[in-house]
Amino acid sequence: MQEWYTTALADSSNVHTVAENIVACVIFPMVPDGSTTSTGGTLKPEALAPAYGYDTRSYQYTSSTSGLAEVTRHRLPPLLRLTLVAVDDVSATRLQDTNGSAMPSLGLDGLFLDASKYDADIRALEDTLVGQKLNYRVFSTTVRLRNARWNGTY
């Protein structure tokens, strides 16, 4: 499905450091509070990306002609909730000393799979970082995409 970028990421010459000491980056496509369906039902913020994935071309490989594939067809999501979790330099050095070049175990494997559990997943990650005595900070903001063509009903 996302072969165009997974293939590019496999080549290390295409990968560059953007920020240091980031242990998690979560991108959560959302609908605004108060959004409704075309039949008047209320939508939850995670309605457009229940598993965090958002694909404007999913209609091409989904057999259904209605539902999420049609709603997101060629459309940017109206909101993106962006979250970065960063550790300080001392904690990053300790992780590197402990794990070497291996990926440290921060419990991320089971997190951020279900967008309705976003808050619980952030708390679980924080609990893991505190348990490992790592100093961290969570940065989160919601960005409205001005070119998203939504009218409040989805």
Under the side chain to side chain donor-acceptor pair (under 3.5 Å) rule, what pairs show up with a residue in residues 91-105, not counting sequence neighbours? Asp88-Ser91
Sequence neighbours excluded - side chain to side chain donor-acceptor pair (under 3.5 Å) pairs with any residue from residues 12-21: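 Applying side chain to side chain donor-acceptor pair (under 3.5 Å) to every pair that reaches into residues 12-21, excluding sequence neighbours, yields Asp11-Ser13, Asn21-Asp89.
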Answer with yes or no whether the hydrophobic clustering places Leu145 together with Leu82; edges join I, L, V, M, F, W, Y residues whose side-chain heavy atoms lie under 4.5 Å apart.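 Same hydrophobic cluster.
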Can you give me the closest heavy-atom contact between [X] and [Y], atom names plus distance?
X: Ile22; Y: Ala19; result: CG1-CB, 3.8 Å
X: Ala148; Y: Leu76; result: CB-O, 3.5 Å
X: Pro29; Y: Ile27; result: CD-O, 3.5 Å
X: Thr83; Y: Ser140; result: OG1-OG, 3.0 Å

Can you name the residues that form a side chain to side chain contact (heavy atoms under 4.5 Å, CB included) with Lys117, not counting sequence neighbours?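 Applying side chain to side chain contact (heavy atoms under 4.5 Å, CB included) to Lys117 gives Asp114, Asp121.
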Suppose we screen for side chain to side chain contact (heavy atoms under 4.5 Å, CB included). Which residues come up paired with Asp119, at least two apart in sequence or across chains?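 Counting only residues at least two positions away or on another chain, Asp119 forms a side chain to side chain contact (heavy atoms under 4.5 Å, CB included) with Arg81, Arg123.
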Taking side chain as C-beta onward, heavy atoms only, is Pro32 less than 4.5 Å from Pro78? yes
Can you list, by chain and residue number, the hydrophobic cluster partners of Ile122 when the side-chain cut-off is 4.5 Å? Val23, Val26, Phe28, Met30, Tyr52, Leu79, Val85, Val87, Leu95, Leu106, Leu108, Leu111, Phe112, Tyr118, Leu125, Leu129, Val130, Leu134, Tyr136, Val138
Remaining members of the apolar cluster that contains Leu113, side-chain heavy atoms under 4.5 Å: none
